Amino acid sequence: MVTASNKTLRLWDLETGVVLKKMEGHSNWVNALAVSGDGQIIASNDMSGELIAWHGETTRASITQPITEDSDDSKIMTLITSVDFSPDGTVLATSSMDHMVKFWCTRTWQMQGESINYGTSVINCFRYSPSGELLAIATDDNIQIYDPGTKECIASVKGHTEFNLSLAWTPNGTRLLSAGDNDDPTIREWDPLTWQQVGHPWEGHTSDIYAIAIHPAGTLVASASHDKHVRLWRRSDQQTIAIFQHSFELTCVTFTVEGKHILSGGVSSNKISEWAVPKDANSKASFHSSFS
């Protein structure tokens, strides 16, 4: 597992909880992080605008340069808000405050093809579909679906009543989940064949939902919110089956590779919390609550 805290990235052994490696090089707080599907490349961006690609034990490439203190507002607009690798790892996509999604070749680290210009709306999150054939982009105004090859917008939905904050695809790509802000702290499920909402909004959180993760089997969903809760949901009936309470606001959540644990972290905390997924999680009679 890779985590970012302040200016430093850490690679962890999850079995022992030992830090295997520290990666230092950022001059400001890291605000975005992604790992390629094969685990060979890590991309991290900091609040000064520098995007670094880490490859292997020692190789490091600075893709964009830090924004200096005397930069004007137009340069500040290039600050990166989200990063994601294509499923095959050949492309790193980045979104920034200038309303653009840019594409970088991971072999040369040069920009590849045209960017997607999103107009005036702030991009909060974007995610490649598992096949790499679609790119979902969540903004303050809506959720749009693009063909990353042609850069064509092929679908658009309003999404949540206010801001669309986070996205996650199911492992088989048959559903897209989205999460909203404080005015609409729900999760919504979308069918890529019709781009219609599936079922009712998933209700339970009371504040911004900054991250969604889907179990490797696709049956469970974990969500992290500023209400200091991670909720574990059962996809089949969209019900909360466990609540993991924290003492701090949450911004990230993920399942371990084998799906037996949930890892969560957030604001003003120097720790990652680990939670066991209940063995009876798929039983409709189960409900669990834990506190960290």
Side-chain angles (χ1 to χ4, degrees), residues 1-12 19 21-36 40-86 89 91-112 115-127 137-140 163 165-167 181 208 210-211 224 226 248-252 254 265-272:
M1 177 182 69
V2 180
T3 62
S5 178
N6 297 334
K7 305 173 186 178
T8 304
L9 275 64
R10 290 175 173 83
L11 178 65
W12 301 80
V19 175
K21 182 182 177 183
K22 285 186 179 181
M23 290 169 275
E24 298 175 324
H26 283 287
S27 59
N28 209 322
W29 285 43
V30 177
N31 70 323
L33 174 68
V35 181
S36 61
Q40 296 302 303
I41 309 175
I42 301 166
S44 56
N45 180 75
D46 64 35
M47 294 299 291
S48 68
E50 184 175 22
L51 176 64
I52 296 178
W54 313 78
H55 196 297
E57 291 297 318
T58 57
T59 306
R60 189 182 87 205
S62 183
I63 303 171
T64 60
Q65 295 302 311
I67 298 170
T68 59
E69 291 184 4
D70 60 353
S71 297
D72 57 27
D73 289 342
S74 64
K75 292 184 179 179
I76 297 299
M77 292 298 285
T78 64
L79 283 173
I80 292 171
T81 58
S82 186
V83 294
D84 195 27
F85 284 95
S86 61
V91 177
L92 173 70
T94 63
S95 64
S96 47
M97 293 294 289
D98 60 0
H99 320 296
M100 302 283 282
V101 177
K102 301 179 179 71
F103 301 87
W104 308 83
C105 172
T106 58
R107 185 177 59 83
T108 64
W109 294 115
Q110 298 299 309
M111 280 189 61
Q112 180 173 297
S115 302
I116 293 175
N117 188 331
Y118 215 87
T120 61
S121 188
V122 173
I123 300 171
N124 297 312
C125 176
F126 67 89
R127 291 291 179 265
I137 303 176
T139 76
D140 286 355
F163 299 161
L165 295 183
S166 52
L167 298 168
D181 71 343
D208 303 332
Y210 276 106
H226 264 209
F248 49 88
E249 297 174 336
L250 298 164
T251 56
C252 57
T254 190
V267 178
S268 303
S269 170
N270 60 354
K271 70 176 183 179
I272 297 293

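Computed from a predicted model, the values in this text were never measured in an experiment.
Contact between W104 and W109 at its shortest, heavy atoms only, is CE3-O, 3.8 Å. Across all their heavy atoms, L9 and V30 have their closest contact at CD1-CG2, 3.9 Å. Heavy-atom minimum distance, A34 versus V83: CB-CG2, 3.6 Å. When all heavy atoms are compared, the tightest approach of L33 to S44 is CD1-CB, 4.1 Å. The two atoms that bring A224 and C252 nearest to each other are CB-O, 3.8 Å, heavy atoms only.
Checking side-chain atoms of S82 against main-chain N and O of S95 turns up no donor-acceptor pair under 3.5 Å. With hydrogens and angles disregarded, no donor-acceptor distance shorter than 3.5 Å links the side chain of D208 to the backbone of Y210. T106 contributes a side-chain N or O that, together with a main-chain N or O of G89, makes up a donor-acceptor pair within less than 3.5 Å.
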Practice prompt. List the steps and the verdict of side chain to side chain contact (heavy atoms under 4.5 Å, CB included) for W29 and D46.
Written response: CA-CA 5 Å; W29 285 43; D46 64 35; 5.9 Å; no
Begin from the C-alpha positions of T251 and H226 and carry the test side chain to side chain contact (heavy atoms under 4.5 Å, CB included) through to its verdict.
CA-CA 7 Å; T251 56; H226 264 209; 4.0 Å; yes
Point to revise | Chi angles and distances behind the side chain to side chain contact (heavy atoms under 4.5 Å, CB included) call for L92, L51 | key: CA-CA 11 Å; L92 173 70; L51 176 64; 4.1 Å; yes
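For the atom pair CD1 of I80 and OG of S96, the computed distance is 6.5 Å after rounding to the nearest 0.5 Å. With rounding to the nearest 0.5 angstrom, the NE2 atom of H26 is 6.5 Å from the CD atom of E50. To the nearest 0.5 Å, atoms NE2 (H99) and CG (D140) are separated by 9.5 Å. The CE atom of M97 sits 10.0 Å away from atom CD1 of I123, with the distance rounded to the nearest 0.5 Å. Note that CD of Q112 and CZ of R107 are 9.5 Å apart. Values are rounded to the nearest 0.5 Å. Rounded to the nearest 0.5 Å, atoms NZ (K21) and CH2 (W54) are 8.0 Å apart.
Residues that satisfy the side chain to side chain donor-acceptor pair (under 3.5 Å) test with T3, not counting sequence neighbours, are W12. For A93, the side-chain contact (heavy atoms from CB on, under 4.5 Å) criterion is met by V101, F103, F126, Y128, not counting sequence neighbours. Residues passing the side chain to side chain donor-acceptor pair (under 3.5 Å) test with T139 are S121, N142, sequence neighbours excluded.
Here the side chains of M1 and I272 are in contact, with some heavy-atom distance below 4.5 Å.
Checking each of T81, T94, N28, N31 against N45 for a side-chain hydrogen bond (donor to acceptor under 3.5 Å, both in side chains) leaves exactly one that passes, namely N31.
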